[in-house]
Trainee: 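Can you keep this structure in mind? I'll have questions shortly.
Source: prediction; values computed, not measured. Proteins come first, then strands; the chains are lettered A, B, ... in the order of their sequence lines, and each starts at number 1. What you see below is based on every heavy atom in this structure, not just the backbone, and it leaves out hydrogens, waters and symmetry mates.
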Amino acid sequence: MSETPSTDISHDQHAVRRGKLAEMRATGFDPFRANVSPTHFSQDAKALYVEGQDNAVTVTVAGRLVTFRVQGGSSFVKIQDQQGVIQLYFRKDVLGEERYQFFKKGLDLGDIIGVTGTLFLTKTGEITVRVDAFTLVSKALRPLPEKWNGLTDSEQIYRQRYLDLIVNTESRNRLMTRSKIVSHIRRFLEDRQFLEVETPVLQAIAGGAAARPFQTHHNTLGVDFVLRISLELYLKRMLVGGYDRVFEIGRNFRNEGVSRRHNPEFTMLEVYQAYSDYRGMMTLVQDLLRSICQNILGVSEIKHAASGEVINFGGEWREVRYKDLIIEKTGDAGWFSRSKEEKVAGVQKLGLYADPKWEEFELTNEIFGKLIEPKLIQPTFVTHLPKELCPLAKITPDDPGTIDVFELIIGGMEIAPAYSEQNDPDVQRAMFEAQAGEEQQKVDQDFLLALEHGMPPAGGMGIGIDRLCILLTGAESIRDVILYPQLRPGS
RNA sequence: GGUUUCCUAGCUCAAUGGUAGAGCAGUUGACUCUUAAUCAAUUGGUUCCGGGUUCGAGUCCCGGGGGAACCA
């Protein structure tokens, strides 16, 4: 007799689980061919419990095993579904020897099961399902991350988001809040008779913003395309087409840096309303953000994660001119009539890097971006921006150097820019050409043709959904509010 | 792109240049109201990869891969 070298696989959780699966299949049960019909989600089920009436209500619930406590002939386990966690109580005398043994030995943390049973209250006051019958409907062949510390390795959190969602309640809640915010935005706008539309991602010219686009190619047409960097120009064509209130929530792509605040693909909301203007957009965005706070977060103020300051969404929102903020910061009432050399010196004096090659408005905007914007924590409408910053807005009637726009800053971040949209095709063409001259951008002639057919006066607004979610969920990074942030492909 | 920093068991983390360890998870056993259940026993390592220095490298050096923070 040769002794068979019994290889100890007890340390290899993957192998152990595969072994359990093989055993089940050998007895004629394949969990991957089983299913269950849940009658309730976990929290809905718990809500059915009537005080003092144990085992009166029968439910079927399903989810992933996240806690497993065997205690001889009775066991408590917990399963997790979309709504959260519910405790289950398994007893040998209810299930019988064979099924109880299958439960004890066949199941592992991470498995997905369905159970039918009755609701009761444990000694310690937790509503629990007393299990009469159960089915395994998916075997987890890999173990879950540790239960107490969860998953902390940021790389694994992003690459295997599903594990993060299973194990880190905070991530789960934060990303679910994002879904609810987006859904609420749709409802809010639809209630105001805005129509949601979808416009092309593949575009011949990347318009509506200044950013480096991703290049791609259509084989059959034999044409180079870019992925859109903005939604703006196609939505405005909708205004020409007679859709007076439109919006799109869509992905934009910018081939630029990746950071805590930037992902190469990000989600924008853009809204256009005919016969409105940037002041109308102020009301709209205030109402929208307050509505999200009330209905989704259930609050009227939130704590700003970075500064610790409490941001108040109620009350009057501050409104201030760009120019006044710059003068205040530089302490120079004559800043805007200084020469370029003086501005370079002025920027450097404030401790910032200033490139002499920059345009004057860029020098000034460096001060705004680096020293002013990060300090604006409470909701602030910055108005009357220099016209060079955006070629798509109307010039302020009594100040040809500025445009009828605002930038809403909250928590030191630009949350929502809005314009009185330029609808004069000739002015628009001149602005495009001036910009094209500087940056060698192609002019979107097709858009100008549309404007020549007549676009109603309109207010337009954009909201960076990712940044809004950072703000409202107290996240530290854009990666925490994007399910699958961009990473280098793993090895 | 630059600077700094991190990568050790399935997960969370230890380890003066000198025998790679702990908790959880896993395995075996006990336990019919547990709450990070408890108790007893126990398995588990290409220390990200490739070189180098050294009697000796998880640790020091060089190159590469990936992550993070700050800067651009």
Trainee: Judged by modelled atom types alone, do A/Thr116 and A/Asp132 share a side-chain donor-acceptor pair under 3.5 Å?
Mentor: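 A/Asp132 and A/Thr116 do not have a side-chain donor-acceptor pair below 3.5 Å.
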Trainee: Would you say A/Gln156 places a side-chain N or O within less than 4.0 Å of OP1 or OP2 belonging to B/G67?
Mentor: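 It does not, given that no N or O in the side chain of A/Gln156 lies less than 4.0 Å from OP1 or OP2 of B/G67.
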Trainee: B/G26 and B/G52: how far apart are their C1' atoms, nearest whole angstrom?
Mentor: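 That atom pair is separated by 39 Å.
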Trainee: Give a yes/no on whether any side-chain N or O of A/Thr152 is located under 4.0 angstrom from OP1 or OP2 of B/C13.
Mentor: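 For B/C13, OP1/OP2 do have a side-chain N/O of A/Thr152 under 4.0 Å.
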Trainee: Figure out the CD/C1' separation between A/Gln486 and B/G67, and round it to whole Å.
Mentor: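 The distance from CD of A/Gln486 to C1' of B/G67 comes to 15 Å, rounded to the nearest Å.
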Trainee: Could you tell me how far apart A/Asp153 (CG) and B/C48 (C1') are, to the nearest whole angstrom?
Mentor: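 Going from CG in A/Asp153 over to C1' in B/C48 covers 12 Å.
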Trainee: Closest heavy-atom contact between A/Pro145 and A/Leu163?
Mentor: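 Between these two residues, the closest heavy atoms are CD-CD2, 4.1 Å.
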Trainee: With nearest nucleotides of RNA chain B determined for A/Asn149 and A/Thr67 from heavy-atom distances, which residue corresponds to the more 5′ nucleotide?
Mentor: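 Looking at RNA chain B, the more 5' nearest nucleotide goes with A/Asn149.
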Trainee: What integer distance in Å separates A/Lys92:NZ from B/A30:C1'?
Mentor: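 It is 12 Å, rounded to the nearest whole Å.
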Trainee: State the pairing partner of B/G1; accept Watson-Crick or G-U wobble contacts with both distances under 3.5 Å, and report none otherwise.
Mentor: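 Pairing partner, where one exists within any strand: B/C71.
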Trainee: Parallel, tilted or perpendicular, judged at 30° and 60°: which one describes the rings of A/Phe368 and A/Tyr322?
Mentor: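 Rings of A/Phe368 and A/Tyr322: tilted, 30 to 60°.
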Trainee: Now, which nucleotide makes the Watson-Crick or G-U wobble pair with B/U38, with each of the two distances under 3.5 Å?
Mentor: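 Its partner is B/A30 (Watson-Crick or G-U wobble, both distances under 3.5 Å).
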Trainee: Regarding B/U38, can its base be found pairing with the side chain of A/Gln71 as donor and acceptor, where the two atoms are less than 3.5 Å apart?
Mentor: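 Checked by distance alone, the answer is no.
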Trainee: For the residue pair A/Phe120 and A/Tyr89, categorise the inter-ring angle as parallel (less than 30°), tilted (30 to 60°) or perpendicular (more than 60°).
Mentor: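 It falls in the tilted class, 30° to 60°.
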Trainee: Tell me what A/Tyr100 touches on the nucleic acid: a base, only sugar-phosphate, or nothing, going by heavy atoms under 4.0 Å.
Mentor: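 The residue A/Tyr100 makes no contact with any strand.
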Trainee: Mind running salt bridge (charged side-chain N to carboxylate O under 4.0 Å, His left out) on A/Glu309 and A/Lys375 for me, showing each step along the way?
Mentor: CA-CA 11 Å; A/Glu309 199 174 318; A/Lys375 299 270 171 58; over 6 Å; no
Trainee: Kindly indicate whether the side chain of A/Thr27, heavy atoms from C-beta on, has any atom under 4.5 Å from the side chain of A/Glu23.
Mentor: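 They are not in side-chain contact.
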Trainee: By nearest atom, which of the nucleotides B/G66, B/U34, B/U28 is closest to the A/Lys105 side chain?
Mentor: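 Of B/G66, B/U34, B/U28, B/U28 is nearest to the side chain of A/Lys105.
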Trainee: Between atom CZ in A/Arg159 and atom P in B/G65, what is the gap in whole Å?
Mentor: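 Rounded to whole Å, this separation is 14 Å.
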Trainee: Taking atom P in both B/A57 and B/A69, what distance in whole Å separates the two?
Mentor: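 Roughly 35 Å separates the two P atoms.
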Trainee: For B/G63, which nucleotide in any strand shown is its Watson-Crick or wobble partner with both distances under 3.5 Å?
Mentor: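 Per the H-bond distance test, B/C49.
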Trainee: Working to the nearest 0.5 Å, report the span between CE of A/Met176 and CG of A/Leu165.
Mentor: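 CG of A/Leu165 is found 7.5 Å from CE of A/Met176.
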Trainee: With a 4.0 Å cut-off, would you call A/Asp108 and A/Lys139 a salt bridge?
Mentor: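 Yes, charged N to carboxylate O under 4.0 Å.
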Trainee: Take the protein atom CD1 of A/Ile166 and the nucleotide atom C1' of B/G10, then report the distance between them rounded to whole Å.
Mentor: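 My rounded result for the distance is 14 Å.
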Trainee: Which residue, A/Leu487 or A/Asp54, contacts RNA chain B at a nucleotide closer to its 5' end, judged by nearest heavy atom?
Mentor: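 This one resolves to A/Asp54.
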Trainee: So what does A/Lys20 touch, heavy atoms closer than 4.0 Å: a base, only the sugar-phosphate, or nothing?
Mentor: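 Counting heavy atoms under 4.0 Å across all strands, the contact made by A/Lys20 is with sugar-phosphate only.
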Trainee: Between atom CZ in A/Arg142 and atom C1' in B/A9, what is the gap in whole Å?
Mentor: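 Distance check: A/Arg142 CZ to B/A9 C1' gives 15 Å.
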Trainee: Under 4.0 Å, counting only non-hydrogen atoms across every strand here, what does A/Ser154 touch: a base, just sugar-phosphate, or nothing?
Mentor: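 Since only primed, P, OP1 and OP2 atoms lie under 4.0 Å of A/Ser154, the category is sugar-phosphate.
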Trainee: Give me the distance, rounded to whole Å, that separates B/G58 from B/U4 when you measure between the P atoms they each carry.
Mentor: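 Going atom to atom, P in each nucleotide, I get 25 Å.
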Trainee: Strictly under 3.5 Å: I want the nitrogen or oxygen pairs between protein and nucleotides 69-72 of chain B, one per line.
Mentor:
{"from": "B/A69", "atom 1": "OP2", "to": "A/Arg479", "atom 2": "NH1", "distance (Å)": "3.1"}
{"from": "B/C70", "atom 1": "OP1", "to": "A/Arg260", "atom 2": "NE", "distance (Å)": "3.2"}
{"from": "B/C70", "atom 1": "OP1", "to": "A/Arg260", "atom 2": "NH2", "distance (Å)": "3.0"}
{"from": "B/C70", "atom 1": "OP2", "to": "A/Arg260", "atom 2": "NE", "distance (Å)": "3.2"}

Trainee: Using a strict cut-off of less than 4.0 Å between a Lys/Arg side-chain nitrogen and an Asp/Glu carboxylate oxygen, indicate whether A/Glu98 and A/Lys92 qualify as a salt bridge.
Mentor: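 Salt bridge flag = no for A/Lys92 with A/Glu98.
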Trainee: Would you compute the distance between atom OG1 of A/Thr402 and atom CZ of A/Arg321 and round it to the nearest 0.5 angstrom?
Mentor: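 So the OG1 of A/Thr402 and the CZ of A/Arg321 are separated by 7.0 Å.
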Trainee: Does A/Lys147 reach a base, just sugar-phosphate, or nothing at all? Heavy atoms under 4.0 Å.
Mentor: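 A/Lys147: backbone/sugar contact only, no base atoms under 4.0 Å.
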Trainee: Answer with base, sugar-phosphate or nothing: what part of the nucleic acid does A/Arg488 contact at a heavy-atom distance below 4.0 Å?
Mentor: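 Answer is sugar-phosphate: A/Arg488 comes under 4.0 Å of backbone atoms only.
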Trainee: Any N or O donor-acceptor pair under 3.5 Å from the base of B/A25 to the side chain of A/Glu146?
Mentor: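 A donor-acceptor contact between them is absent.
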Trainee: To the nearest 0.5 Å, what is the distance between SG on A/Cys390 and CE on A/Met431?
Mentor: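 That separation rounds to 7.0 Å.
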Trainee: What is the nucleic acid contact for A/Val167, judged by heavy atoms within less than 4.0 Å: base, sugar-phosphate only, or nothing?
Mentor: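 No contact.
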Trainee: Taking CD from A/Gln87 and C1' from B/U32, how many angstroms apart are they, rounded to a whole number?
Mentor: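 After rounding, the reported distance stands at 14 Å.
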Trainee: Write out a two-atom table: protein N or O, nucleotide N or O from nucleotides 41-47 of chain B, distance below 3.5 Å.
Mentor:
{"from": "B/U43", "atom 1": "O2'", "to": "A/Asp8", "atom 2": "OD2", "distance (Å)": "2.7"}
{"from": "B/G44", "atom 1": "O2'", "to": "A/His11", "atom 2": "ND1", "distance (Å)": "3.4"}

Trainee: Across all strands shown, which nucleotide pairs with B/G56 by Watson-Crick or G-U wobble geometry, both distances under 3.5 Å?
Mentor: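 Answer to the pairing question: none, since B/G56 forms no Watson-Crick or G-U pair.
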Trainee: Under a 4.0 Å N-O cut-off, is there an ion pair linking A/Glu360 with A/Lys343?
Mentor: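 Yes.
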Trainee: If you measure from the P atom in B/C55 to the same atom in B/C48, how many Å do you get, rounded?
Mentor: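 That atom pair is separated by 25 Å.
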Trainee: Which of these nucleotides, B/U12, B/C33, B/G10, is closest to any side-chain atom of A/Pro143?
Mentor: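 Minimum distance to the A/Pro143 side chain belongs to B/G10.
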Trainee: Does B/G21 have a Watson-Crick or wobble mate here (both distances under 3.5 Å), and if so which one?
Mentor: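 Base-paired to B/C13.
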Trainee: Nearest whole Å is fine: how far is B/C33 C1' from A/Phe90 CZ?
Mentor: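 Result: 15 Å.
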Trainee: Taking only the side-chain nitrogens and oxygens of A/Arg17, find out if one of them lies under 4.0 Å from OP1 or OP2 of B/G26.
Mentor: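 No, outside the criterion.
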